[in-house]
S.K.: 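Structure provided below as structure tokens; questions to follow.
Keep in mind that the numbers below use all heavy atoms, side chains included, and drop hydrogens, waters and symmetry copies. Lettering follows sequence order; numbering is per chain, from 1. Because the structure is a prediction, the values reported are computed rather than measured.
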Amino acid sequence: MPVQSRTEAQQRTDEIHAFRRELQDLEGRGILVLTPEQRRALESHHGALLAEYAREFDVDRDAQAKQLSWGMRIASLAGALALGASVFFLFYQFWGRFSTALQVAILIAAALGSFAATAWIQGRDGSGYFTKLAAMVAFVCFVLNVALLGQIFDITPSDKALVPWAAFALLLAYACDARLLLGAGILCGIAFVGARTGTFSGAYWLDFGERPENFFPAAALLIAVPQLVRHDRFPAFPQTYRVFALLTLYLPMLVLANWGELSYLDFDPGLVKGGYQIAGFVASGLLAWLGVRRGWAGVANTSVTFFLIFLYTKFFDWWWDWMPKYLFFFVLGLTAVLFLMILRRLRAHGATAQGGAAR
Amino acid sequence: MNWTRRHTLALGAVLIVATNAVALLGVAYNRSGTPGSELRLSQRELRPPFEWGLQKENSGLSLKLLWRVANRDAEKRGVANEYGWGAIPAWLDRAKLTELGFDLSRPDSTPAGRRYYAKLRSREAYLVLELAGPPYQAALDAARERAENRKADALAHPGDARLKAQADFSQSQLFHEEHEASRLFVVDAGLDAGALRAKYADRSRYAIVLGRVRPTLEGNGARVGGYVTAVINDSVNVPLGMRKAFEGVPPRSYGFGQRYAGPEIEATVAFGKRFEPWLAGVARKP
């Protein structure tokens, strides 16, 4: 089974270790005992695979390495954000001292150079941490490139700038298996689709945030991406798309459930508020169920979280003013307990269904 | 086809180069040929940024184009009410707003009507900026009249400290209007830049720019008026070669701060084919 990404290599490594532990247990109980030839062949095969994965993808070989790996991931994320900010302020600090031609040359060279550097680092960095860091810097350089060109030449601000930013972020995300950049690309895409939706009604593009419904088409597109595009090499990406899709759906709903006058709908704001409150409950409830059923942990968790937020904001509206605070928080606590019981039943139902399917 | 690192590199490089090419070609197109307008502005209309927050880290210089809108109602006139969002101009009436694409056919006296008008968002339109024209003269005349009236009131009641303070304030407002306030007024709007140019042909006095307008209900729904909510490109970058002329030009408030004590500047701001401005020349007055 050839692997093409670090995620797949890590998954295969974990499977091999699990298999070894299980085999050891079975042998200890005398249920399955391999012949010396079989054992040698198996160990040689697994040893070769593990060595290959370690060499090619710098995978975590044991639990301790995995824990350290988490630390490296956090350091890489913080480093990427800090280096991106550093590049931004570095240019901001000195760009006024250069002629216009030099400013343009530096901006383009920084974007191209940081991108080439990312590719170069990727060829030498099996772990991917340094590559992701470099990719983030490359993305910041490109955003800075376009934004500062706009400032240098007083170019009319346009939502069209979001398209190359999104494309570049997605290119880097898929090239470097970087979820942070996938998120950046998705955010640019959400902003572009939202702005375009806003302009359909004749409004100015930068006002798109004033009508939360402008985000719904972007949510629909995002939820469709992992259904339409296979992500075999990027097993974590579909979840990222789905979680962003749900945030793009729930957050505007939450805003409209509290401020109905922001809606496009030409009804009484109270009616609009009520409608979006019901829609919020129904959507988060149904999607939580769908998430559990399909095994989409991100969808289930995000939906459950928003169901609770919708519920608690309603409780706050209804009871905060007149209910004694101990009682208010007691009701919240009871609701959480009730919720836990429902989720436990759902989990048990899911396990039974899977067991049935296995039989 | 197997996707390799070379493909990624090539695609990324093409994306970067193409994006820059599109942006720079747009700039070249905007600045090609004779500029659409060329206004000779001073430090009254071009304000350097205030040095606070992250601005302290910025070594570049971008000037803010200060534009005004003459208030329709005489009692609301005055510098403080006329920058940006403050004013509802007489020319931006129901007919003009309809011409700009707003559907104002709904009654504005019912709750549903008021809700409809409150929901209307700003739209893009071409705006006409006039330098030192009749609206500026009217603002100057109003400031003079106000200062004279307040001075007369104060002289008629010598012991009244409140009237004395009002007279002093009106005098400082008059000074501001005469020497410091922007003379650039938005005087018209439309969807056809060519028609506006034909109507306002003097390119050294009128500039056509991109902006945004929005209707509003006044007097609890009594009538519909409009705001100029923005001039979209209201900043002008200063290239390195022209920076020296702006040394010592301080940012200032709208007439409530200290009197301007910086150098006098004459800057030529050109507006191109895409209505984007640039600094074409600058000189310090002796």
Side-chain angles (χ1 to χ4, degrees), chain A residues 89 91-100 102-104 107-108 111-112 115-116 118-119 122-123 138 141-142 145-146 148-157 160-161 163-165 167-168 171-172 174-176 198-199 201-207 210-211 261-264 266-269, chain B residues 3 5-9 11-13 15-20 22-24 26-28 30-31 54-55 57-62 101-103 111-112 115-116 118-124 209-212 214 229-230 232-241 243 272 274-279:
Chain A
F89 284 111
F91 199 82
Y92 223 48
Q93 186 91 56
F94 297 108
W95 76 303
R97 299 180 191 180
F98 307 134
S99 68
T100 305
L102 193 56
Q103 284 175 340
V104 173
L107 285 172
I108 299 174
L112 283 170
F115 180 59
T118 306
Q122 194 180 24
C141 282
F142 184 53
N145 172 195
V146 178
L148 286 178
L149 271 190
Q151 202 170 326
I152 291 167
F153 296 111
D154 301 305
I155 299 171
T156 307
K160 292 187 189 90
V163 175
W165 286 343
F168 195 62
L171 178 72
L172 287 168
Y174 281 90
C176 309
T199 53
S201 66
Y204 182 61
W205 75 270
L206 263 174
D207 289 344
E210 293 183 21
R211 290 274 171 272
E261 61 277 11
L262 297 180
S263 170
Y264 274 114
D266 193 14
F267 303 126
D268 178 70
Chain B
W3 190 264
R5 199 171 295 140
R6 272 169 193 263
H7 291 115
T8 306
L9 206 56
L11 187 60
L15 187 62
I16 293 170
V17 172
T19 306
N20 279 283
V22 169
L24 293 173
V27 172
N30 179 59
R31 297 185 181 190
L54 295 179
Q55 185 58 40
E57 301 269 334
N58 186 0
S59 60
L61 178 61
S62 205
F102 292 100
D103 176 11
R115 199 168 60 231
Y116 169 77
K119 277 179 186 289
L120 289 174
R121 301 289 101 183
S122 61
R123 280 173 178 269
E124 232 177 293
V209 295
L210 278 169
R212 291 156 59 192
R214 177 180 181 173
T229 55
I232 290 173
N233 259 330
D234 66 349
S235 65
V236 183
N237 184 55
V238 182
L240 184 66
R243 289 283 289 278
R274 298 203 313 183
F275 312 100
E276 289 162 357
W278 75 94
L279 198 59

S.K.: Which atoms of B:L11 are under 4.5 Å from chain A, going by heavy atoms: the side chain, the backbone, both sets, or neither?
M.R.: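 Contact with chain A: backbone and side chain both.
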S.K.: In terms of heavy-atom pairs under 4.5 Å, which option from B:P277, B:A23, B:A18, B:G272 contacts chain A the most?
M.R.: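 Max contact count across the listed options: B:P277.
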S.K.: Between the side chain of B:S59 and the main-chain N/O of A:W95, is any donor-acceptor distance below 3.5 Å?
M.R.: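 Yes, because the side chain of B:S59 sits within donor-acceptor range (under 3.5 Å) of the backbone of A:W95.
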S.K.: Answer with side chain, backbone, both or neither: which region of A:V163 has an atom nearer than 4.5 Å to a non-hydrogen atom of chain B?
M.R.: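 The answer is neither part of A:V163.
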S.K.: Looking only at heavy atoms and a cut-off of under 4.5 Å, which of A:L102, A:L149, A:T118 has the most pairs with chain B?
M.R.: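 Looking at each option in turn, the highest pair count goes to A:L149.
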S.K.: Would you mind telling me which of B:N30, B:V238, B:L120, B:N20 has the largest number of heavy-atom pairs within less than 4.5 Å of chain A?
M.R.: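 When all of B:N30, B:V238, B:L120, B:N20 are compared, B:N20 has the most.
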S.K.: Indicate the atoms forming the closest heavy-atom contact of A:P164 with B:L15, along with that distance.
M.R.: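 Shortest heavy-atom contact: O-CD2, 3.8 Å.
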S.K.: Any donor-acceptor pair under 3.5 Å linking the side-chain atoms of A:T156 with those of B:E276?
M.R.: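 Yes, because at least one side-chain N or O of B:E276 sits under 3.5 Å from a partner of the opposite role on A:T156.
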S.K.: Can you list everything that forms a ring pair (Phe, Tyr, Trp, His ring centres under 6.0 Å) with A:Y204? Sequence neighbours excluded, please.
M.R.: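 Result, ring pair (Phe, Tyr, Trp, His ring centres under 6.0 Å) vs A:Y204: none returned.
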S.K.: Determine whether A:K160 and B:V22 make a side-chain contact, defined as any pair of heavy atoms from C-beta on separated by less than 4.5 Å.
M.R.: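 They are not in side-chain contact.
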S.K.: Identify which part of A:Q122 has an atom lying under 4.5 Å from any heavy atom of chain B, answering side chain, backbone, both or neither.
M.R.: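 The answer is both parts of A:Q122.
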S.K.: For A:D266, which atoms come within 4.5 Å of any heavy atom of chain B: side chain, backbone, both, or neither?
M.R.: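 For A:D266, the contact with chain B is made by backbone and side chain together.
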S.K.: Report the residues that fulfil side chain to side chain contact (heavy atoms under 4.5 Å, CB included) with A:A175, sequence neighbours left out, ordered by chain and then residue number.
M.R.: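 A:A175 satisfies side chain to side chain contact (heavy atoms under 4.5 Å, CB included) with B:T8 only.
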S.K.: Are any non-hydrogen side-chain atoms of B:S235 and A:Q151 less than 4.5 angstrom apart?
M.R.: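 No, too far: nothing below the 4.5 Å cut-off.
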S.K.: Name the region of B:L279, side chain, backbone, both or neither, that has any atom closer than 4.5 Å to a heavy atom of chain A.
M.R.: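 The answer is neither part of B:L279.
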S.K.: Non-hydrogen atoms of chain A under 4.5 Å away: do they reach the side chain of B:N233, the backbone, both or neither?
M.R.: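 Only the side chain of B:N233 comes within 4.5 Å of chain A.
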S.K.: Mind ranking B:E124, B:R6, B:R31, B:R115 by heavy-atom pairs under 4.5 Å with chain A and telling me who comes out on top?
M.R.: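 Most heavy-atom pairs under 4.5 Å with chain A: B:R115.
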S.K.: Might you point out which heavy atoms bring A:A119 and B:L9 nearest each other, and give the distance in Å?
M.R.: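 Closest approach of A:A119 to B:L9, heavy atoms only: CB-CD1, 3.4 Å.
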S.K.: Which heavy-atom pair separates B:L240 from A:G96 by the least distance, and what is that distance?
M.R.: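 Looking at all heavy atoms of both residues, the closest pair is CD1-O, 3.2 Å.
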S.K.: Under 4.5 Å from any heavy atom of chain A, what part of B:R5 do you find: side chain, backbone, both or neither?
M.R.: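 Just the side chain, heavy atoms under 4.5 Å.
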S.K.: Identify the two heavy atoms, one from B:S122 and one from A:D207, that lie closest to each other, and give their separation to 0.1 Å.
M.R.: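 For B:S122 versus A:D207, the nearest heavy atoms are OG-OD2, 2.7 Å.
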S.K.: With side chains defined as the heavy atoms from C-beta onward, is the minimum distance between B:K119 and A:Y264 less than 4.5 Å?
M.R.: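 Side chain of B:K119 against side chain of A:Y264, heavy atoms only: no contact under 4.5 Å found.
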S.K.: Would you give the length of the straight line joining atom OH of A:Y92 to atom CD of B:E57, rounded to the nearest 0.5 angstrom?
M.R.: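 Spacing of OH (A:Y92) from CD (B:E57) equals 9.5 Å.
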S.K.: Against chain B, label A:F153 side chain, backbone, both or neither, depending on which of its atoms sit under 4.5 Å from a heavy atom there.
M.R.: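 Both parts, backbone and side chain.
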S.K.: Does any part of the side chain of B:R121, heavy atoms only, come nearer than 4.5 Å to the side chain of A:R211, both counted from C-beta?
M.R.: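 Yes. Closest side-chain heavy atoms under 4.5 Å.
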S.K.: With a 4.5 angstrom heavy-atom cut-off, could you sort out which part of A:T199 is near chain B: side chain, backbone, both or neither?
M.R.: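 Answer is neither: A:T199 stays 4.5 Å or more from chain B.
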S.K.: Side chain, backbone, both or neither: which part of A:F98 has a heavy atom under 4.5 Å from chain B?
M.R.: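 Just its backbone gets close to chain B.
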S.K.: For B:R274, is it the side chain, the backbone, both, or neither that has a heavy atom closer than 4.5 Å to a heavy atom of chain A?
M.R.: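 Contact with chain A involves both backbone and side-chain atoms of B:R274.
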S.K.: Which heavy atom of A:T100 sits nearest a heavy atom of B:P239, and at what distance?
M.R.: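 That would be OG1-CB, 3.8 Å.
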S.K.: With only heavy atoms counted, which part of A:L112 is less than 4.5 Å from chain B, the side chain, the backbone, both or neither?
M.R.: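 Looking at A:L112, backbone and side chain both touch chain B.
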S.K.: Atom CG in B:L24, atom CD1 in A:I152: separation rounded to 0.5 Å?
M.R.: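 Those atoms lie 9.0 Å apart.
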S.K.: How far apart are the closest heavy atoms of A:D154 and B:N237, and which atoms are they?
M.R.: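 Scanning both residues completely, I find the closest heavy atoms to be OD2-N, 3.0 Å.
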